[in-house]
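Below is one structure, written out as structure tokens; the observations come after it.
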Amino acid sequence: MTKKQVDYVTCVIGALALMTGKSCSWIYQRLHSAGLINDYLAAGYDVLHTFSLEYVAEDVIRLMKEKGNALC
């Protein structure tokens with residue numbers, strides 16, 4: 001993962017933490033175990049970083065619900 005990807009993933013995790021009221025470490029653990037950090041956020045960085053953090057965070061929440069790992 002590049003530094004830009006790491007910085008972006010960190011921002012998305014922070015946005016998710018603010019939206020859900022959960023800690024950043026809790027969010028990271030859930031996303032990591034679901035495979036979304038590498039397979040979605042880092043892999044899709046080139047496209048995803050052009051969208052707002054709110055949009056991407058809402059998309060991640062939706063993806064987690066579909067996987068049966070709701071964040072909220």
Side-chain angles (χ1 to χ4, degrees):
M1 204 179 317
T2 68
K3 181 180 179 343
K4 286 183 180 183
Q5 289 170 318
V6 170
D7 291 345
Y8 180 71
V9 169
T10 302
C11 286
V12 173
I13 289 172
L16 285 164
L18 288 173
M19 290 175 76
T20 63
K22 307 288 185 184
S23 72
C24 289
S25 62
W26 188 86
I27 296 288
Y28 171 82
Q29 290 170 356
R30 301 287 292 212
L31 295 182
H32 181 70
S33 67
L36 290 183
I37 297 219
N38 289 321
D39 296 341
Y40 180 68
L41 294 174
Y45 168 77
D46 289 340
V47 173
L48 292 175
H49 86 279
T50 65
F51 297 108
S52 71
L53 282 175
E54 181 180 15
Y55 175 85
V56 174
E58 288 173 356
D59 198 39
V60 169
I61 289 170
R62 180 189 58 79
L63 288 169
M64 290 296 286
K65 283 181 186 174
E66 288 177 7
K67 290 180 170 274
N69 295 316
L71 295 176
C72 327

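Here the structure is a predicted model, which is why all the values come from computation and not from measurement.
Two different hydrophobic clusters hold Tyr8 and Leu18 under the rule that ILVMFWY side chains link at heavy-atom gaps under 4.5 Å.
Among pairs with a residue in residues 12-31, those fulfilling ring pair (Phe, Tyr, Trp, His ring centres under 6.0 Å) read Tyr28-His32, at least two apart in sequence or across chains. Within the structure, salt bridge (charged side-chain N to carboxylate O under 4.0 Å, His left out) contacts touching residues 7-25 (residues at least two apart or in different chains) are Lys3-Asp7. Every pair passing side chain to side chain donor-acceptor pair (under 3.5 Å) that includes a residue from residues 63-72 is listed here, sequence neighbours excluded: Arg62-Glu66.
By the side chain to side chain donor-acceptor pair (under 3.5 Å) test, Tyr40 pairs with Asp59, sequence neighbours left out. Considering only residues two or more places apart in sequence or on other chains, Ser33 meets the side chain to side chain donor-acceptor pair (under 3.5 Å) condition with none of them.
For the pairing with Val60, the side-chain contact (heavy atoms from CB on, under 4.5 Å) check across Ile13, Ile27, Leu36 returns one residue only, Leu36.
Nearest heavy atom pair, residue Ala57 against residue Ala15, reads CB-CB, 4.4 Å. Residues Gln5 and Ala42 come closest through the heavy atom pair NE2-O, 2.7 Å. The shortest heavy-atom contact between Met64 and Arg30 is CE-O, 3.6 Å.
Here the CG-CG distance, from Asp39 to Leu63, works out to 11.5 Å after rounding to the nearest 0.5 Å. Rounded to the nearest 0.5 angstrom, Leu31 CG and Cys24 SG are separated by 10.5 Å.
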Let me have the donor-acceptor pairs involving side chains of residues 45-52, under 3.5 Å, with sequence neighbours excluded, atom names and distances please.
| unit_1 | atom_1 | unit_2 | atom_2 | d |
| --- | --- | --- | --- | --- |
| His49 | ND1 | Tyr45 | O | 2.8 |
| His49 | ND1 | Asp46 | O | 3.2 |
| Thr50 | OG1 | Val47 | O | 2.6 |
| Ser52 | OG | Tyr55 | N | 3.0 |

